[in-house]
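Please read the structure below before turning to the comments.
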Amino acid sequence: MTAAVKGIAALLRFRELMFLLVARDLKVRYKRSILGMLWTLLNPLLQMLVYTLVFSRIMRIGVPQFPVFLLAGLLPWTLISVSATSSALSLLNNQGLIRKIAVPQAVYPLSIVGSKLVDLAVSLVPLAVIAAALGRPPGSAWLLLVPAVVVATCFAAGLSLLFSSLTVFFRDVRHLIDILFQIWFYVTPIIYPHEFLEKLGSPLLRSVLSLNPATPIIRWFQMVVYEGRPPDLRTAALATISAAATLVLGFAVFQRLEDEHIHYF
Amino acid sequence: MAGAISFQNVGVCFRMHREKVTTLKEAVLGRFRHLRDAEVFWAARGVSFECRPGDSIGMIGHNGSGKSTLLKTAAGVLKPTEGSVRIEGRISPMIELAAGFDPELTGRDNVFLNGALMGYSRREMASKLDRIVDFSELGEFIDVPVKNYSSGMYARLGFAIAADVEPEILIVDEVLAVGDERFQAKCMDRIRDIRAGGTTIFFVSHAMEQVAALCDRVLVMHHGKLVFDGPAEEAIRRYRELQGFRPDAAPHPRSA
Ligand SMILES: Nc1ncnc2c1ncn2[C@@H]1O[C@H](COP(=O)(O)OP(=O)(O)O)[C@@H](O)[C@H]1O
Ligand SMILES: [Mg+2]
């Protein structure tokens with residue numbers, strides 16, 4: 001417990017470094033190329049077009065204003081999955097610094113989460129525009145996106161800490177992470193409404209999939225953005241617990257293994 | 001008290017993996033045997049010494065004798081495998097001066113990045129910036145990406161930053177070898193000033209005259225062991241003995 005408090009205090013002392021690393025990453029991606037910021041916006045929009053074509057037109061999934069529904073889940077999912085997969089390499093990429101300068105190593109994965117968080121904030125703008133254009137204009141419920149983003153960020157941070165540390169010991173973990181997120185994407189209600197999962201025939205499959213820790217977090221975004229209402233208490237509580245538990249687990253594992261990293265580069 | 005260093009029976013051990021297992025697949029197939037079979041190598045062991053605030057301590061020894069390893073444990077980069085290291089006060093490690101530089105950023109941006117890596121805020125670094133630029137003598141080059149710097153320019157900027165952060169303990173690990181003679185002399189002057197201000201100095205160099213000039217007390221490392229701890233002259237003699245180095249024969253090895 002005291003170790004955790006010390007770890008958090010050390011991280012807070014280096015918050016300026018974290019901001020600087022986030023700024024550096026954004027500068028490289030946004031400023032160096034004029035298209036940088038555009039790419040950040042374009043990527044979810046292109047995915048939206050393809051998924052809308054496939055699921056709304058070809059497979060006729062029957063969700064009205066499908067693009068709004070899709071983006072509501074896809075944006076937080078992108079924060080979580082892109083943070084975790086890019087963080088997996090963050091310690092290896094910064095090993096030169098880690099070998100020579102004593103800094104809490106968590107700043108490296110966490111600064112990646114920070115820069116993906118900025119991406120999410122930026123892409124909320126086109127989401128609002130599309131939602132308004134399709135007849136679901138943002139209302140006061142959207143204020144509840146603030147805690148939703150906090151919860152999603154904690155979840156992303158926990159996974160990022162966990163995976164960045166594990167990759168140091170086993171380099172092939174990153175391939176497993178890529179596969180994990182591909183599968184995870186399809187079992188999470190992002191491209192289809194979560195009622196589809198409740199209508200599953202197999203009770204076993206249904207109960208396994210109901211344990212998905214990402215579902216309540218994604219649902220929170222969908223309720224606010226797509227359904228235009230605050231999340232129900234159960235969803236909000238489950239999302240908060242899931243994010244807090246993931247963050248605590250990731251931080252605890254990272255702290256235990258941090259001093260060992262330098263022996264495995 | 002701020003500036004004190006205490007090493008108690010410190011050992012640092014590296015695991016040398018006979019077959020380097022780096023993937024989960026290999027680990028699973030070998031049933032994690034590598035975790036048991038790793039050979040251990042003690043880069044330093046049984047090292048104990050105390051250092052009071054304001055002392056300036058030198059450390060000499062052959063390449064690979066464990067000097068950098070000990071400095072890195074003092075700087076907190078490495079944790080000792082056994083024993084304990086106590087450091088009191090703010091430490092400024094000059095271990096590898098270019099380590100904290102991002103080649104794509106300008107010298108100016110790197111001053112802030114380096115400061116942040118040492119835990120200083122943007123405002124604190126902004127107030128030091130002019131002095132740092134001045135000392136480094138980089139002039140307009142401060143706004144050029146550091147990937148275009150020569151190794152001497154890297155060293156100048158790195159030294160200027162590390163020397164300007166008002167440390168209570170200054171660690172110097174063979175960083176003065178780069179840079180021209182005049183700049184080296186300037187750096188030595190700066191280190192002397194810092195010492196005069198009461199900062200503890202921990203100085204590693206292969207230039208014996210620098211060590212003798214700066215340090216009242218010198219530690220000699222030999223294959224990971226601390227073999228001598230005492231006055232500079234005696235320490236240098238001991239070091240040369242261990243190297244099989246005879247000073248009277250050295251200057252004209254071919255004349256006989
Ligand atoms: N990360 C590492 N992994 C394995 N061995 C290392 C590592 N770092 C240093 N060593 C070994 O530890 C020994 C001491 O190195 P070092 O402290 O750098 O020596 P010095 O600075 O006195 O020249 C050397 O034999 C070196 O090979
Ligand atoms: Mg060395």
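Order of the sequence lines fixes the chain letters, A, B, ..., with proteins taken first and strands second; residue numbering starts at 1 for each chain.
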Legend entry - Option among A/Trp184, A/Phe185, A/Tyr186 that satisfies the side-chain contact (heavy atoms from CB on, under 4.5 Å) test with A/Thr188: A/Trp184

Legend entry - Which atoms of B/Lys72 approach chain A - backbone, side chain, both or neither, heavy atom under 4.5 Å: side chain

Inset, instruction - Answer with yes or no whether the side chains of B/Arg90 and B/Tyr120 bring together a donor and an acceptor at under 3.5 Å. - result: yes

Inset, instruction - Mind ranking B/Ile91, B/Asp102, B/Leu71 by heavy-atom pairs under 4.5 Å with chain A and telling me who comes out on top? - result: B/Asp102

Legend entry - Portion of A/Gln105 that has a non-hydrogen atom of chain B nearer than 4.5 angstrom: neither

Legend entry - Toward chain B, the part of A/Arg15 with a non-hydrogen atom under 4.5 Å: neither

Inset, instruction - Please state whether the side chain, the backbone, both or neither of A/Ile101 comes within less than 4.5 Å of a heavy atom of chain B. - result: both

Inset, instruction - Report yes or no: is the cationic atom of A/Arg174 (NZ for Lys, CZ for Arg) under 6.0 Å from the centre of the six-membered ring of A/Phe163, at an angle within 45° of the ring normal? - result: no

Legend entry - Contacting region of A/Leu166 [heavy-atom separation from chain B under 4.5 Å]: neither

Inset, instruction - Name the orientation class of the two ring planes belonging to A/His261 and A/Phe169 (parallel below 30°, tilted from 30 to 60°, perpendicular beyond 60°). - result: tilted

Inset, instruction - Only one of A/Thr78, A/Val22, A/Val82 passes side-chain contact (heavy atoms from CB on, under 4.5 Å) with A/Lys116; say which it is. - result: A/Val82

